[in-house]
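What you are looking at is a predicted structure, and each value in this text was computed from that prediction instead of being measured.
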Protein chains: 2
Amino acid sequence: MHHFALWVAAGGIRGTMIGIKRLADELGLSIGTVSRALNNRPDVNDATRQRVKEAALRLGYVPNQSGRSLRAGQTGVVAFVMQTGHEITGHGDTFIMGVFSGIQTALAKHRLDLVALLCPSDEDAEDYLKRMVSRGFADGFILSSTQHVDRRIDFLAERGVPFVTLGRSSSDAGQPWIDTDFAGIAEVSIARLASKGHRRIAITVPNDETNLGFVFTEAARSALHAQGLALDPELIFGFVPNEASGYDIASRLLALPDRPTAIILLNPGLTIGLYRRLIEAGVEPGKDIAVIGRDSPQSPFLSPRLTYFREDLDSLGIALGQALLASMPRFAKSYPSGVVRQVWPSELIEGESDGLVIR
Amino acid sequence: MHHFALWVAAGGIRGTMIGIKRLADELGLSIGTVSRALNNRPDVNDATRQRVKEAALRLGYVPNQSGRSLRAGQTGVVAFVMQTGHEITGHGDTFIMGVFSGIQTALAKHRLDLVALLCPSDEDAEDYLKRMVSRGFADGFILSSTQHVDRRIDFLAERGVPFVTLGRSSSDAGQPWIDTDFAGIAEVSIARLASKGHRRIAITVPNDETNLGFVFTEAARSALHAQGLALDPELIFGFVPNEASGYDIASRLLALPDRPTAIILLNPGLTIGLYRRLIEAGVEPGKDIAVIGRDSPQSPFLSPRLTYFREDLDSLGIALGQALLASMPRFAKSYPSGVVRQVWPSELIEGESDGLVIR
DNA sequence: ATCGTTTCCGTAAACGTTTACGGTATTATG
DNA sequence: CATAATACCGTAAACGTTTACGGAAACGAT
């Protein structure tokens with residue numbers, strides 16, 4: 001049986017932590033020599049180095065991060081900042097996981113670790129970031145869900161902290177960013193719909209100040225213009241990034257006196273809610289209305305098959321990671337100079353959901 | 001215009017970092033007094049304390065984390081450990097975000113920060129954890145996706161590091177855990193199906209060594225036994241936690257000479273893939289086969305409506321956070337003693353997908 | 001006025017690293 | 001053999017905090 005009565009971890013972290021001093025004692029060496037041996041400094045005997053490394057491995061010694069970063073002024077950590085709850089919501093977990101994976105492959109070359117910083121939903125995003133930066137939590141930051149005006153960007157730039165953003169912003173401190181190619185999405189989808197005779201095309205934009213809403217609205221406007229169409233304000237549907245919002249949008253759309261014949265869903269989460277509501281109303285996607293969406297784990301499995309835009313998230317993550325590395329003084333030399341500010345292409349996966357042709 | 005040519009962050013982190021020394025100089029005080037003032041120690045004049053706090057706020061001073069944790073031997077950080085890619089996959093992002101939110105409310109009382117540690121998919125999970133623990137990254141750890149035998153548990157217990165696991169394991173070091181009530185899910189769903197006349201009920205279990213597969217298999221076996229039924233090995237479908245796997249399971253199921261009349265999906269991601277494949281084959285969920293699933297953001301919007309089990313993730317997260325706090329020496333006194341090892345109840349949401357009645 | 005308390009603050013050590021510097025053997029050079 | 005160069009290692013300072021300790025005022029009581 002186990003000691004159910006009082007399970008309080010024995011010594012906390014420090015209790016059993018094995019430090020460089022302990023390792024040095026074990027070897028009969030000074031801590032200086034041990035440190036140099038482990039860090040592959042030139043002025044240490046090869047035999048000694050082997051001996052030290054062997055002992056370190058045997059005793060499970062790993063340099064204490066606090067000590068190291070205090071001395072070096074750097075942490076070896078890169079932080080991806082997101083907000084609990086309302087962040088990647090609607091994209092499904094594969095979105096963020098794909099990006100993470102890419103970032104990590106970029107960071108691995110320099111033995112940097114990626115962690116996700118979770119801003120509580122009841123704390124101000126800017127305050128939280130300030131706290132984390134000032135505390136010296138990481139050597140570089142990756143910001144997501146960038147706002148139209150985003151004071152976090154100004155703050156980081158002013159502090160001289162290396163950072164990149166996933167998503168551009170009108171707050172521009174000259175920092176690198178990578179963003180979805182919303183212009184491309186607008187052009188391709190609207191041209192496609194227009195060629196099928198659609199003239200009333202609805203779009204969806206976030207309800208809040210997320211910057212992509214501004215970007216996409218403009219992109220859609222000019223794409224429509226290029227087809228000789230106008231953007232009807234009545235056909236701009238605000239959303240929050242979840243499934244219920246898609247359901248709600250469908251309701252509003254169906255209630256319209258002059259219904260659109262097509263809709264472009266900017267957020268993947270919307271799709272299934274919209275589908276559900278349409279089906280309830282006996283309106284079949286692809287047959288009675290055209291729907292174009294974004295990628296999510298569910299996208300390939302919807303019935304009727306969804307037409308959607310897909311991005312290569314892994315390579316996006318790699319680019320994002322490299323952009324950050326290029327702006328970190330230590331690593332900049334290994335990367336081409338010049339700020340990365342790049343829209344990332346989307347590929348159109350053709351399904352049945354936009355099959356409707358207006359004669 | 002901006003300086004596009006060479007955007008390398010100015011001084012890195014340290015360059016502009018304002019430390020306690022700087023703050024003390026500014027105030028004409030010693031660093032000791034400043035520190036005491038900020039930490040609400042009794043032996044400092046109230047007027048001085050106000051002056052210090054005001055100046056700290058004005059200058060944006062935040063104690064450097066490395067210095068602080070080096071001195072105190074604690075970091076003020078709790079780490080949720082997950083694996084990039086294969087972790088929460090299939091559950092949708094609301095699952096993990098709900099849990100995070102709960103954990104954070106529990107931690108907020110003690111001003112602890114929650115971060116997510118992302119083990120790269122190409123690194124061994126145990127090695128990664130060892131690295132993070134030894135480096136002193138956090139004061140406490142929350143492990144997820146526990147394996148049937150999970151050496152991480154033994155390691156943490158041996159090191160005396162406070163930790164809890166989300167999901168039990170056969171590796172038992174007496175640590176606290178919280179897990180889904182798989183027995184309850186098995187009993188309720190199987191009793192429900194049996195009462196509708198089902199006798200060939202298929203179940204799904206993870207392909208890998210994830211512990212919940214072992215737990216659920218046994219739970220299902222005894223729940224079936226209670227209904228006078230047996231668990232047919234042919235009706236145990238292995239899965240990986242994603243949508244494509246659900247599609248695949250449906251294919252295998254349809255190809256069976258003696259098809260099951262019902263299936264229980266243990267992972268939410270499977271559902272939509274299974275639905276898709278069934279619909280392709282002209283087999284309608286709820287009419288031609290009974291399907292019971294788990295909660296995901298999509299669950300309420302599937303057609304036909306899914307019958308599924310839902311958990312209150314926020315309260316689960318709170319309990320998980322409190323369990324961890326109770327095992328941390330600093331905070332244990334604020335929490336009831338006794339190890340938390342708890343299965344978390346699920347609620348059945350009735351839909352149409354299990355409507356099929358066998359006469 | 002003396003002495004004991006209390007209040008407040010400065011000093012310095014410690015946490016675990018890394019690294020500049022200096023010192024002692026060892027080897028090379030004349 | 002004497003000297004210079006080299007190889008290797010120990011010493012100590014520094015990073016930014018927190019906190020035990022001690023000291024100097026200010027205050028209270030006798």
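Arg68(A) has no side-chain polar atom (N or O) that falls below the 4.0 Å cut-off from OP1 or OP2 of dG16(C). Contact check, Arg41(A) against dT18(C): no side-chain N or O comes under 4.0 Å of OP1 or OP2. At least one side-chain nitrogen or oxygen of Asn39(B) sits closer than 4.0 Å to the OP1 or OP2 atom of dT18(D).
Nucleotide dT18(D) holds its P atom 8 Å from the CG atom of Leu38(B), rounded to whole Å. In this entry the distance linking CG of Leu27(B) with P of dG10(C) reads 10 Å, nearest Å. Atom CZ of Phe137(A) and atom C1' of dT17(D) are 17 Å apart (whole Å). What separates CD of Gln65(B) from C1' of dT18(D) is a distance of 13 Å, to the nearest Å. Summarising the geometry, the separation between CG on Leu23(B) and C1' on dG16(D) is reported as 13 Å, rounded to the nearest angstrom. Rounding to whole angstrom units, CZ of residue Arg22(B) and P of dT17(D) are separated by 12 Å. For the pair Ile18(B) CD1 and dT17(D) C1', the interatomic distance rounds to 15 Å; values are reported in whole Å.
Residues passing the ring pair (Phe, Tyr, Trp, His ring centres under 6.0 Å) test with Phe100(A), sequence neighbours excluded: Phe80(A). Take Arg131(B) and apply the salt bridge (charged side-chain N to carboxylate O under 4.0 Å, His left out) test, not counting sequence neighbours, and it matches Asp113(A), Glu123(B).
In the model, Ser69(A) has no side-chain atom that pairs as donor or acceptor with a side-chain atom of Thr75(A) under 3.5 Å.
Minimum heavy-atom separation, Ser145(B) to Gln83(B): OG-OE1, 3.5 Å.
Within the 3.5 Å criterion, the main-chain N or O of Ser169(A) finds no donor-acceptor partner in the side chain of Thr146(A).
Evaluation of atom-type donor-acceptor distances gives a pair under 3.5 Å for the side chain of Arg71(A) against the base of dT18(C).
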**Asked** What does nucleotides 4-12 of chain D look like as a protein-contact string, B for base, S for sugar-phosphate only, - for none, at under 4.0 angstrom between heavy atoms?
**Response** ----SBBB-
**Request:** Begin with the C-alpha distance, continue with both residues' side-chain angles, and end with the deciding distance and a verdict on side chain to side chain contact (heavy atoms under 4.5 Å, CB included) for Asn211(B) and Asp150(B).
**Result:** CA-CA 9 Å; Asn211(B) 191 56; Asp150(B) 201 322; over 6 Å; no
**Request:** Could you give me the CA-CA distance, side-chain angles and deciding distance for Gln175(A) and Ser327(A), then say whether side-chain hydrogen bond (donor to acceptor under 3.5 Å, both in side chains) is met?
**Result:** CA-CA 9 Å; Gln175(A) 84 285 359; Ser327(A) 65; over 6 Å; no
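Across all strands shown, Ser35(A) has heavy atoms under 4.0 Å from base atoms, whether or not it also approaches the sugar-phosphate.
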